[in-house]
Undergrad: 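Structure incoming, see below.
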Amino acid sequence: MSFTNRQLLLKTRPEGLVSLDNFDLREAPTAELTDGQALVQVLYLSMDPTNRVWMSDIPQYMPPVAIGEVMRSIGIGRVVASKAKNYAVGDLVQGLVGWQDYALLDENAMGYWVKLPPNPPVALPTLLGACGFSGITAYYGLAEIAPVAAGETLVVSAAAGSVGSIAGQIGKLRGARVVGIAGGPEKCRHLVEDLGFDVAVDYKADDFKQKLAEATPDGVHVNFENVGGPVMRAVLSRMVNGGRVALCGLIANYASGTRASDDYSVIIVKRLTVRGFLAFDYKDQAKAVQDLVGWVVSGKIKAGETVAEGLENAPLVLNRLFDGSHTGKLVLKVADDR
Ligand SMILES: NC(=O)c1ccc[n+]([C@@H]2O[C@H](COP(=O)([O-])OP(=O)(O)OC[C@H]3O[C@@H](n4cnc5c(N)ncnc54)[C@H](OP(=O)(O)O)[C@@H]3O)[C@@H](O)[C@H]2O)c1
């Protein structure tokens with residue numbers, strides 16, 4: 001059986017924000033399956049800052065997406081046809097599905113496919129956010145990269161986003177005093193009133209640095225850093241001597257497609273430990289997922305998603321990560337689940 005597959009192929013590398021013109025929308029029939037292959041109908045795409053990095057021809061942890069290639073993306077889908085031993089029609093899977101309606105799963109090739117439980121304990125978008133890659137990133141960042149202890153002050157940037165909202169809530173579970181940084185009064189209200197952060201500081205406000213100082217009277221012991229640039233500089237200036245930084249992301253730099261250099265003297269003066277990490281490197285994620293699902297199901301952690309719709313909108317929806325017009329995990333619904 002063949003299906004019509006809409007695919008978004010990278011046509012030109014964006015400069016700044018992504019535009020529809022950077023992509024070709026192609027329709028093609030799905031290919032006949034060979035032994036070991038399964039066809040996956042894409043249900044949800046994970047909209048990740050790393051998608052924007054993958055579009056740029058700069059050194060990174062995976063090869064950039066090539067011109068003419070289907071845009072790479074994590075997503076969730078269902079197997080609709082199978083000649084693979086380990087995957088049956090109806091199986092729910094997560095993997096690098098790409099910006100398309102149907103993805104080819106090849107169990108004999110190196111892939112990033114994971115079979116999901118038939119009746120997941122949380123909604124599918126949550127499996128891409130709080131209980132998926134974002135939650136796993138927050139979990140390992142605070143468990144192994146820069147552990148935070150009870151009574152210490154943790155500052156999380158991009159705190160109302162997917163990784164940040166979970167990092168802050170894990171910090172609260174650990175007994176830390178948690179300060180979130182986000183853009184605008186509504187996101188700051190959300191952090192304190194809905195997610196239980198102790199304080200939230202608006203980095204877009206004129207008095208950001210002063211408010212950050214007031215929010216961190218004992219200094220900052222741990223910084224879970226998602227942003228970089230001026231926001232990170234302001235946080236580093238508040239760190240205690242010997243403070244720890246989990247350097248998770250530098251989203252302030254991604255849309256430019258360039259690399260910023262910075263003044264690192266504060267790291268010397270304050271004897272900071274700054275550790276970069278990739279959640280990707282943690283191959284055994286079972287314990288993290290089990291804990292995250294347990295926290296979400298028991299209500300100890302609140303998962304939140306912003307769900308946009310329509311494969312054809314993917315390039316513009318991705319920009320919402322950079323203008324901040326979303327809260328929690330940003331996902332794109334591509335098709336209804338049966
Ligand atoms: N190391 C890893 O393994 C790993 C894995 C996943 C994600 N990450 C990183 O984690 C970070 C967050 O990713 P996410 O998926 O959770 O995205 P997200 O936080 O849901 O969305 C990005 C947020 O960043 C903020 N932002 C964007 N541009 C900014 C700027 N110039 N200055 C300050 N804030 C800005 C916006 O929030 P406001 O409205 O508050 O501005 C936006 O909502 C990214 O840096 C990403 O690369 C790293």
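Just follow the structure's listing: the first ligand is 1, and inside any ligand the first atom is 1. Just so it is clear, the values below take in all heavy atoms, side chains as well, and ignore hydrogens, waters and symmetry mates.
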Undergrad: Are Lys115 and Asp91 within salt-bridge range, i.e. N to O under 4.0 Å?
TA: yes

Undergrad: With a 4.0 Å heavy-atom cut-off (strictly under), which part of Lys187 contacts ligand 1: side chain, backbone, both or neither?
TA: side chain

Undergrad: Should the pair Phe224 and Phe277 be assigned to parallel (<30°), tilted (30 to 60°) or perpendicular (>60°) ring geometry?
TA: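 Ring orientation, 0 to 90° scale: perpendicular.
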
Undergrad: What residue and heavy atom of the protein are closest to atom 7 (C) of ligand 1, and at what distance?
TA: Val163 CG2, 3.8 Å

Undergrad: Which residue and non-hydrogen atom of the protein lie closest to atom 43 (O) of ligand 1, and at what distance in Å?
TA: His326 NE2, 2.9 Å

Undergrad: If you measure from OG1 on Thr12 to CG on Asp21, what distance do you get to the nearest 0.5 Å?
TA: 7.0 Å

Undergrad: Around atom 4 (C) of ligand 1, find the nearest protein heavy atom and jot down its residue, atom name and distance.
TA: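 Closest protein heavy atom to atom 4 (C) of ligand 1: Thr137 CG2, 3.6 Å.
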
Undergrad: Could you tell me which atoms of ligand 1, counted from 1 in the order shown, lie closer than 4.0 angstrom to a heavy atom of Val227?
TA: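 That gives atoms 32 (N), 33 (C), 34 (N) of ligand 1.
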
Undergrad: If you measure only the distance, is there a donor-acceptor pair under 3.5 Å linking the side chains of Thr50 and Tyr254?
TA: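 Note: Thr50 and Tyr254 side chains miss the donor-acceptor criterion.
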
Undergrad: Give the residue and atom name of whichever protein heavy atom lies nearest to atom 45 (O) of ligand 1, and the separation in Å to one decimal.
TA: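 The closest one turns out to be Asn226 O, 2.8 Å.
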
Undergrad: State, without any angle test, whether Arg238 and Thr216 hold a side-chain donor-acceptor pair at a distance under 3.5 Å.
TA: yes

Undergrad: Does Leu278 come within less than 4.0 Å of ligand 1, judged by its heavy atoms?
TA: yes

Undergrad: Which ligand 1 atoms, with their elements, are less than 4.0 angstrom from a heavy-atom of Ala182?
TA: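 The atoms of ligand 1 under 4.0 Å from a heavy atom of Ala182 are 40 (O).
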
Undergrad: Can you tell me if Asp323 uses its side chain to pair, donor with acceptor, with the backbone of Ser325 under 3.5 Å?
TA: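 Answer holds: yes.
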
Undergrad: N/O to N/O below 3.5 Å, does that happen between Gly249 and ligand 1?
TA: no

Undergrad: Apply ring pair (Phe, Tyr, Trp, His ring centres under 6.0 Å) to Phe280 and Tyr112, showing your working.
TA: CA-CA 10 Å; Phe280 202 61; Tyr112 299 91; 5.6 Å; yes

Undergrad: So for ligand 1, is Phe277 a polar contact partner (N or O within less than 3.5 Å, distance only)?
TA: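 Yes - when backbone and side-chain N and O of Phe277 are compared with those of ligand 1, one distance drops under 3.5 Å.
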
Undergrad: Note the single closest protein heavy atom to atom 41 (O) of ligand 1, along with its residue, its atom name and the distance in Å.
TA: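 Protein heavy atom with the smallest distance to atom 41 (O) of ligand 1: Tyr203 OH, 2.5 Å.
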
Undergrad: Do the charged groups of Asp202 and Lys187 touch, with an N to O distance under 4.0 Å?
TA: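 No, no charged N to carboxylate O under 4.0 Å.
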
Undergrad: Provide the number and element of each atom of ligand 1 under 4.0 Å from a heavy atom of Tyr254.
TA: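 Result: 45 (O), 46 (C), 47 (O).
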
Undergrad: Salt bridge or not for Asp24 and Lys11, using N-O below 4.0 Å?
TA: yes

Undergrad: For ligand 1, which atoms sit closer than 4.0 Å to a heavy atom of Ala279?
TA: 2 (C), 3 (O)

Undergrad: Return yes when Gly328 approaches ligand 1 closer than 4.0 angstrom through a heavy atom, no otherwise.
TA: yes

Undergrad: Does ligand 1 come near enough to Cys248 that some N or O of the ligand is less than 3.5 Å from an N or O of the residue?
TA: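 In this structure, Cys248 places an N or O atom under 3.5 Å from an N or O of ligand 1.
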
Undergrad: Regarding Lys300 and Asp291, does a basic nitrogen lie under 4.0 Å from an acidic carboxylate oxygen?
TA: no

Undergrad: Among all protein heavy atoms, pick out the one at the shortest distance from atom 23 (C) of ligand 1; state its residue, atom name and that distance to 0.1 Å.
TA: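 Answer, as residue, atom name and distance: Leu321 O, 3.7 Å.
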
Undergrad: Is the shortest side-chain N to carboxylate O distance from Asp194 to Arg189 below 4.0 Å?
TA: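 Salt bridge flag = yes for Arg189 with Asp194.
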
Undergrad: In terms of atom number and element, which parts of ligand 1 are under 4.0 angstrom from non-hydrogen atoms of Ala252?
TA: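 Every atom of ligand 1 under 4.0 Å from some heavy atom of Ala252: 31 (N).
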
Undergrad: I'd like to know if Arg6 pairs up with Glu312 as an ion pair, taking the criterion as any Lys NZ or Arg NE/NH1/NH2 lying under 4.0 Å from an Asp or Glu carboxylate oxygen.
TA: yes

Undergrad: Under 4.0 Å from a heavy atom of Gly161: give me the atoms of ligand 1 that qualify, with their elements.
TA: 18 (P), 19 (O), 20 (O)

Undergrad: Please could you name the atoms of ligand 1 that Leu250 approaches to less than 4.0 Å, counting only its heavy atoms?
TA: 45 (O)

Undergrad: Counting heavy atoms only, which part of Thr50 comes closer than 4.0 Å to ligand 1: side chain, backbone, both or neither?
TA: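 No part of Thr50 comes within reach of ligand 1.
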
Undergrad: To check your reading of the model: name the closest protein heavy atom to atom 13 (O) of ligand 1, its residue, and the distance in Å.
TA: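 Here the nearest protein heavy atom works out to Pro49 CG, 3.5 Å.
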
Undergrad: Only heavy atoms count here, so choose which of Ser162, Gly183, Ser157 is nearest to atom 20 (O) of ligand 1.
TA: Ser162

Undergrad: Just say parallel, tilted or perpendicular for the rings of Phe23 and Trp99, cut-offs at 30° and 60°.
TA: tilted

Undergrad: Considering heavy atoms of the protein only, find what lies nearest to atom 26 (N) of ligand 1 and give residue, atom and distance to 0.1 Å.
TA: Ile251 CG2, 3.8 Å

Undergrad: Look at Lys333 together with Glu305 and state whether they make a salt bridge at an N to O cut-off of under 4.0 Å.
TA: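 Looking at Lys333 and Glu305, the cut-off is not met.
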
